[in-house]
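Report on one structure; see the data block that follows.
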Number of protein chains: 2
Amino acid sequence: MPRVAAVPVRTKKKTRDADVSRARVFEAAAEEFAARGFDGAKVDRIAERAGVNKAMLYYHYTDKAALYRAVVGDMFASTAAEMAALRETGGSPEVKLAAFIDVIAREGQLRPHFPAMWLRELADGGQHLGERNFGDIFGIVSTLAAILKEGEAAGRFHASTPFMVQMGIVGPLFMFLATAPMRKRLMTKMPIAPPDVPPATLVAYVKSMTIGALTAGRTSSSASKAGKR
Amino acid sequence: MPRVAAVPVRTKKKTRDADVSRARVFEAAAEEFAARGFDGAKVDRIAERAGVNKAMLYYHYTDKAALYRAVVGDMFASTAAEMAALRETGGSPEVKLAAFIDVIAREGQLRPHFPAMWLRELADGGQHLGERNFGDIFGIVSTLAAILKEGEAAGRFHASTPFMVQMGIVGPLFMFLATAPMRKRLMTKMPIAPPDVPPATLVAYVKSMTIGALTAGRTSSSASKAGKR
DNA sequence: GTCTATATTTTGATAGAC
DNA sequence: GTCTATCAAAATATAGAC
């Protein structure tokens, strides 16, 4: 037992270093995966970006796929957690829906790699996702489904397909966010693709679109209330 | 000159065969690229899918990148051409906007690989696109920009950013279309992701969203007219 | 036009010293 | 925990016969 007691200090030091390099790898991987996709991302490049040796990468993560899952898992787990919190709050269906959109938008901005990675994962058919990821996604869509159902029951929303509404929210939001680098580069050739739309404007537009579609033809003023400018 | 005269018949035969195998390669490539992306797509697998020898693939196309450009170019050129035609037609801004959305949706369904490939290309930042592709894309967005401007001048649409509106149309449409295989596979685990929403319903929803956002707060009945059901 | 065999390069991954 | 050196497996592309 005395042998065990001697370790703490040194362990703490080592652990902190490990956490640092591990975090650097994670961050670099997120950028690489977002910019090039799973197959396009190269392990060597991730290590280089992270400023660590390639062997270090394998010290922290079993392989490329595990690293990818770590990044993706973090995205969905975080979003799912926020959604769980959202489910506890009150308010009208319109307010809840706006809050739902805010969470998606916030997560998409908080993690710059999120939008592009999500776009790719959708195109990939969820190839790289695991059971836990699907669970988180299910939780997210379920949150939206509950809001829609509530609004529908209250006679404020049309009947709708949750997954379709979800794509109607994530699509515009993430497509716009994911194309930020591209738009920046294209500005000279395409004055139509501005790199600098304020996030608030984008979010407002998405809210307006969604509420607009769900309340089209109704006399309520909810459409104009939720997403102005 | 007599040597030249003897060729035609044989050439025709050969040409037909060539066209067939070339088309098969093109088709197989479109599927592979859509399902796995540029880096994920493997030349061997494309050849196998096409039922031709790998060497044949290189006989028809200089390399993998050229093949990719051929598929992508076809998508954008076709869509751009339809947009050019649309620019000639008349009607109210609302009608034109609906027609614009119809073109995007039609192209997305006509070429099953279009949605997924477009999602990927956006995430890639247009890495694999050439000058001509950007020209076509510019033409497409410009068509939308003109419609929006007209509606705005007529006092029927809010001021808007064309590229953002474009993402608001392509996003929901293509995300939903691109996830068809995924949804089919997930049905058992996620009853929220139905594989079978009728395209007409999806298109109507996107029209309703877009018109709804552009006319939010207005007294006009255009929102309910353009995208019902 | 079509196929076999092969050259070349890239890349994911590990062994083993420090 | 960190790095060097290296292996083994893919994967792109081509040469050359038919």
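Letters go in sequence order (proteins before strands), and every chain restarts at 1.
A47(A) comes within contact range of no nucleotide atom at all, as no heavy-atom separation falls under 4.0 Å. Nucleic acid contact class of A65(B) (heavy atoms, under 4.0 Å, all strands): none.
Per the geometry, CZ belonging to F33(B) stands 12 Å off C1' belonging to dT12(D), to the nearest Å. Look at NZ on K64(A): it is 16 Å from P on dT10(C), rounded to the nearest Å. Straight-line distance from the CG atom of L67(B) to the C1' atom of dA13(D): 14 Å, rounded to whole Å. In this entry the distance linking CZ of R45(A) with P of dA13(C) reads 15 Å, nearest Å. Here dA13(C) presents its C1' atom at 10 Å from CG of L57(A), a figure rounded to the nearest Å. Remark: C1' of dT2(C) and OH of Y59(B) are 10 Å apart, rounded to the nearest angstrom. As rounded to whole Å, 10 Å separates atom P of dA11(D) from atom NZ of K54(B). Remark: C1' of dT6(C) and CG of D44(B) are 13 Å apart, rounded to the nearest angstrom.
K96(A) places no side-chain N or O within 3.5 Å of a backbone atom of A146(A) that could act as its donor or acceptor partner. Here the side chain of T89(A) pairs no donor or acceptor atom with the backbone of A85(A) at under 3.5 angstrom.
Remark: R183(A) qualifies as a cation-pi partner of F176(A) under the 6.0 Å distance and 45° angle criteria applied to the six-membered ring.
Map N53(A) and K42(A) each onto its nearest nucleotide of DNA chain C; the residue landing nearer the 5' end is K42(A). Positionally, the nearest nucleotide of DNA chain C for D39(A) lies more toward the 5' end than for the other of D39(A) and A55(A).
Ion pairing between a basic and an acidic side chain is recognised when a charged N comes within 4.0 Å of a carboxylate O; K207(B) and D102(B) show such pairing. In summary, K189(A) and E131(B) engage in a salt bridge, as defined by a charged side-chain N under 4.0 Å from a carboxylate O.
For dT14(C), neither phosphate oxygen OP1 nor OP2 lies less than 4.0 angstrom from any side-chain nitrogen or oxygen of Y58(A). Of the side-chain N and O atoms in S21(A), one or more sit less than 4.0 angstrom from OP1 or OP2 of dT2(D).
For M56(B), counting side-chain heavy atoms from C-beta on, the closest listed nucleotide (dG12(C), dG1(D), dT2(C)) is dT2(C).
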